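Scroll down for the structure; my scribbles are underneath it.
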Amino acid sequence: MANTQTWEVTVPSLKTILTCSAAFIALVAASKMSVQIGPVPLTMQTCAIGLIGAVLGARKGFLTVLAFVLAGLGGLPIFATPLSGPAALVGPTGGYLIAFPFGALITGLLAKKGWTGENIVKSTIAQFLSNIFIVIFGGLWLMLLTGSEKAFAVGLLPFFAPDMIKAVLASSLLAGVKLTLRK
């Protein structure tokens with residue numbers, strides 16, 4: 001008897017397409033909210049990425065943020081810096097870009113375990129872990145390009161306090177949405 005295997009092809013629902021598209025657009029907007037403080041700008045991208053992971057979940061969040069990164073690497077001018085295409089990947093922000101989808105994955109996985117929304121402390125920790133993962137990975141990449149002292153000074157240190165603030169903001173937004181939806 002032959003072993004037959006069927007492959008199920010699923011088409012995303014309209015709700016999924018619209019939700020992921022809205023998250024993509026929010027990430028583009030967050031990339032344009034930036035302050036140039038060195039070779040790596042301070043942006044709202046990590047805040048948006050954490051929210052995307054928490055709201056969409058690990059898989060959809062990862063794929064949505066990956067689509068954003070791939071669109072920018074494909075040449076769309078959607079990143080915080082003027083660089084797009086392959087130049088963005090080999091430049092000072094390349095490591096941060098590579099880490100973006102994994103930041104959404106982190107908050108998505110932690111959200112599934114209850115680390116979002118109602119428990120503001122756990123939600124803040126989840127958001128901060130996502131942000132810090134992106135900053136550390138990006139800082140390590142920058143270290144390869146500029147050396148460890150400069151990378152620490154311009155690619156890591158300036159981001160810790162703002163990332164904590166963004167984590168509090170994101171977890172507060174998530175808690176507010178949960179409360180609103182209950183009413």
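Keep in mind it's a predicted model, so treat the numbers as computed, not measured.
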Student check: side-chain heavy atoms of Phe160 and Ile132 closer than 4.5 Å: yes
OG1 of Thr19 to CZ of Phe24, rounded to nearest 0.5 Å, is 15.0 Å
Take atom NZ of Lys32 as the centre, draw a 6.0 Å sphere, and report whether it contains more than 12 heavy atoms from other residues, nucleotides or ligands. yes
Starting at SG of Cys47, measure out to CG of Asn131 and round the result to the nearest 0.5 Å. 7.0 Å
Side chain to side chain, Met44 and Leu169, heavy atoms closer than 4.5 Å: yes
Pairing donors with acceptors under 3.5 angstrom, does anything connect the side chains of Ser34 and Thr43? no
Donor-acceptor pair, distance only, cut-off 3.5 Å: does the side chain of Gln127 make one with the backbone of Ala170? no
Decide yes or no for Ile98 and Leu89: does some side-chain heavy atom of the first lie under 4.5 Å from some side-chain heavy atom of the second? yes
Quick one: CD1 on Ile134 to CG on Leu129, what's the gap to the nearest 0.5 Å? 11.0 Å
Mutual orientation of the aromatic rings belonging to Tyr96 and Phe159 [parallel < 30°, tilted 30-60°, perpendicular > 60°]: tilted
Backbone N/O of Gly91 and side chain of Trp141: donor-acceptor pair under 3.5 Å: yes
Is any side-chain heavy atom of Thr93 less than 4.5 Å from a side-chain heavy atom of Pro41? yes
Side chain Gln36, main chain Gly38, donor-acceptor under 3.5 Å: yes
Hey, does Leu110 have a side-chain heavy atom less than 4.5 Å from the side chain of Ile106? yes
Is the shortest heavy-atom distance from the side chain of Thr107 to the side chain of Leu51 under 4.5 Å? no
Between Ser123 and Ser171, the two heavy atoms sitting closest are OG-CB, 3.2 Å
Tell me the closest heavy-atom pair linking Pro101 and Val65, and the distance in Å. N-CG1, 3.5 Å
Close aromatic pair by centroid cut-off 6.0 Å: Phe102 and Phe137: no
Measure across Lys60 and Leu56 and return the closest heavy-atom pair with its distance rounded to 0.1 Å. CB-O, 3.6 Å
Give me the atom names and distance for the closest heavy-atom approach of Ala88 to Leu97. O-CD1, 3.8 Å
